[in-house]
Amino acid sequence: MIKHKVFISYHHKNDQWAKDKLISFFNNDDNFIFIDKSVHDGDISDDLSDEEIRQKIRDDYLRDSTVTILLVGIETKNRKHIDWELYSSMYDGKVNKKSGILVIQLPRTYPKYFRAAHGD
């Protein structure tokens, strides 16, 4: 089975529980579905400029991922790097190729609609 390299974009402080649940559900003793390419707390120095942080995420994490999963919580829209991570995931550059994006609304956002992009 081919394992996709997955970048998970989320608000670390509020939504770490959701990422942990996702990882434990899909990557356990019975299953190992994907390789987590996400940024973990402490991986990138807070002393770097925004541009240096973004370059590091793009070149070290997004570069060889094939799918980006966005976990949408109640404060996701206020996170300064999430919109940039999504843009970078959709951008088809010479070195960093675009990847698929899967959006998952977390329960506290009270999702009302469930849709699939392809057919019924």
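If you read the sequence from its start, that first residue is 1, and numbering goes on from there. This structure is a prediction, so every number in the text was calculated from the model and none was measured.
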From [atom1] ([X]) to [atom2] ([Y]), nearest 0.5 Å:
X	Y	atom1	atom2	answer
Leu70	Ile101	CG	CD1	8.0 Å
Lys37	Ser65	NZ	OG	8.0 Å
Asp64	Asp59	CG	CG	11.0 Å
His11	Gln16	NE2	CD	10.5 Å

Check for a donor-acceptor pair, side chain of His40 on one end and backbone N or O of Ser38 on the other, with a separation under 3.5 Å.
yes

Ser88 side chain to Trp84 main-chain N or O, any donor-acceptor pair under 3.5 Å?
yes

Other than Ile74, what residues sit in its cluster of Ile, Leu, Val, Met, Phe, Trp and Tyr side chains whose heavy atoms are under 4.5 Å apart, directly or through others?
none

I'd like to know if Asp60 and Lys56 make a salt bridge, using a cut-off of under 4.0 Å between side-chain N and carboxylate O.
yes

Going through the checks in order, is the side chain to side chain contact (heavy atoms under 4.5 Å, CB included) test met by Leu71 and Gln105?
CA-CA 6 Å; Leu71 300 177; Gln105 281 186 271; over 6 Å; no

Evaluate Lys77 against Asp83 for salt bridge (Lys or Arg N to Asp or Glu O under 4.0 Å), listing each step before the verdict.
CA-CA 8 Å; Lys77 66 180 181 181; Asp83 62 337; over 6 Å; no

Show your reasoning for whether side chain to side chain contact (heavy atoms under 4.5 Å, CB included) applies to Arg58 and Arg63.
CA-CA 6 Å; Arg58 182 183 64 240; Arg63 181 178 189 161; over 6 Å; no

Would one find more than 12 heavy atoms of other residues, nucleotides or ligands at under 6.0 Å from atom NZ of Lys98?
no

Are Ile44 and Tyr61 packed together at the side-chain level, in the sense that at least one heavy-atom pair is separated by less than 4.5 angstrom?
yes

Under 4.5 Å between side-chain heavy atoms, hopping through other hydrophobics if needed: is there a path connecting [X] to [Y]?
X	Y	answer
Leu86	Ile8	no
Leu102	Phe7	no
Val6	Val103	no
Ile53	Leu62	yes
Ile69	Leu106	yes

Atom of Thr68, atom of Ser89 and distance for their closest heavy-atom approach:
OG1-OG, 2.6 Å

Just do the side chain to side chain contact (heavy atoms under 4.5 Å, CB included) check on Phe34 and Ile23 with the steps written out, would you?
CA-CA 9 Å; Phe34 62 81; Ile23 296 293; 3.6 Å; yes

Step-by-step side chain to side chain contact (heavy atoms under 4.5 Å, CB included) determination, Val67 to Ser99:
CA-CA 5 Å; Val67 176; Ser99 60; 5.6 Å; no

